[in-house]
There are 2 protein chains.
Amino acid sequence: MDDRVDLSILAEVSRDPRATLAQLSERVGLGVSAVQARLRRLESEGTIAGYRAVLDPEAVGRPLSAFIEITPLDPSQPDNAPELLEHLSEIEACHSIAGDAAYILFVRVAGPRDLEALIREIRLSASVSTRTTVVLQTFYENRPIAL
Amino acid sequence: MDDRVDLSILAEVSRDPRATLAQLSERVGLGVSAVQARLRRLESEGTIAGYRAVLDPEAVGRPLSAFIEITPLDPSQPDNAPELLEHLSEIEACHSIAGDAAYILFVRVAGPRDLEALIREIRLSASVSTRTTVVLQTFYENRPIAL
DNA sequence: TCTGAAAGGCTACTGAG
DNA sequence: CTCAGTAGCCTTTCAGA
């Protein structure tokens, strides 16, 4: 399912999703039609889940980011925290994890006041306790996959 | 710097970076030329830092992800861990954080054996101790910004 | 700074080998 | 998968408000 050429296309598309078929064709060393067919397959199979622009968090008014680990207050209750929190747009990611907490969230906010408000909202919405780790500096993120 | 129209363009481009100027123009309610000019500015200013394809981690052979908190073994030594670890392509993100540890990494690997090897490599490369939290399930990530 | 139009280039797509 | 041919759209530019 993932031969050498597919991986090459994925790496290239990951790095520059706006490239034209002709450009990809050249970089990958395959005919345009072949690249087109593979790209379609990769998209319809879900290997390529979508495309995103990477925005400067500061420029869009979200200079502060943090990790928030959450733990249900009452373990006997049904736990659908990810669903309950999905509407909060400040939450960029939600994973369930092994370890002390049940989930870890990655969030982006405008500042400390917004972070406090968000934490309160999370506690109320999902009936959880939280443990927040503020990000001081981001050295890199969203790195494309390597060949 | 970020008026209503810019944010609208950013939200749209964030969701669908492969849209043409004509499509963006229609969705944003602005002439093609105006959208083009704004887009160029947003790109050259760095507000749009780049474009990425979102790949299915399983399909590209990285079904296991984890957070790794790292702490320098010798606090008196100069600390340039992010630089020392940059060459490890399994590391997708690196943040410095407030709290017990100095940094937190987000990594993607093929399986437990690879995770163990990566952790060893990190400890050696950067002279740090590590604390790893395995991700069990990812409910969402890379969510685009909202208006 | 935006709109609108015009032109040319290039793109995606298809079908045959 | 490659190679072409075609139709259509896209980017770019420029003048004007």
So, is [X] near the phosphate of [N], with a side-chain N or O under 4.0 Å from OP1 or OP2?
| X | N | answer |
| --- | --- | --- |
| B:R41 | C:dT1 | no |
| B:Q36 | D:dT12 | yes |
| B:S33 | C:dT3 | no |
| B:R18 | C:dT11 | no |
| B:R38 | C:dC2 | yes |

field: Student check: side-chain heavy atoms of A:I70 and A:L85 closer than 4.5 Å
entry: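 Sidechains of A:L85 and A:I70: in contact.
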Once you round it to whole Å, what is the distance between [atom2] of [N] and [atom1] of [X]?
| X | N | atom1 | atom2 | result |
| --- | --- | --- | --- | --- |
| B:I9 | C:dT1 | CD1 | C1' | 13 Å |
| A:R40 | C:dC13 | CZ | P | 5 Å |
| A:E26 | C:dC10 | CD | P | 13 Å |
| A:L39 | C:dC13 | CG | C1' | 14 Å |
| B:L21 | D:dT11 | CG | C1' | 7 Å |
| A:L30 | D:dC3 | CG | P | 10 Å |
| A:L24 | D:dT2 | CG | P | 14 Å |
| B:Q23 | C:dA12 | CD | C1' | 13 Å |

message: Whether B:R27 and B:D16 form a salt bridge (side-chain N of Lys/Arg under 4.0 Å from carboxylate O of Asp/Glu) is what I want to check.
response: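 Salt bridge flag = yes for B:R27 with B:D16.
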- prompt: Roughly how far, to the nearest 0.5 Å, is CD1 of B:I91 from OH of B:Y103?
  reply: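 It is 12.5 Å, given to the nearest 0.5 Å.
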B:E58, B:E90, B:E141 screened by salt bridge (charged side-chain N to carboxylate O under 4.0 Å, His left out) with B:R108, the one that passes: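 The salt bridge (charged side-chain N to carboxylate O under 4.0 Å, His left out) with B:R108 is passed solely by B:E141 among B:E58, B:E90, B:E141.
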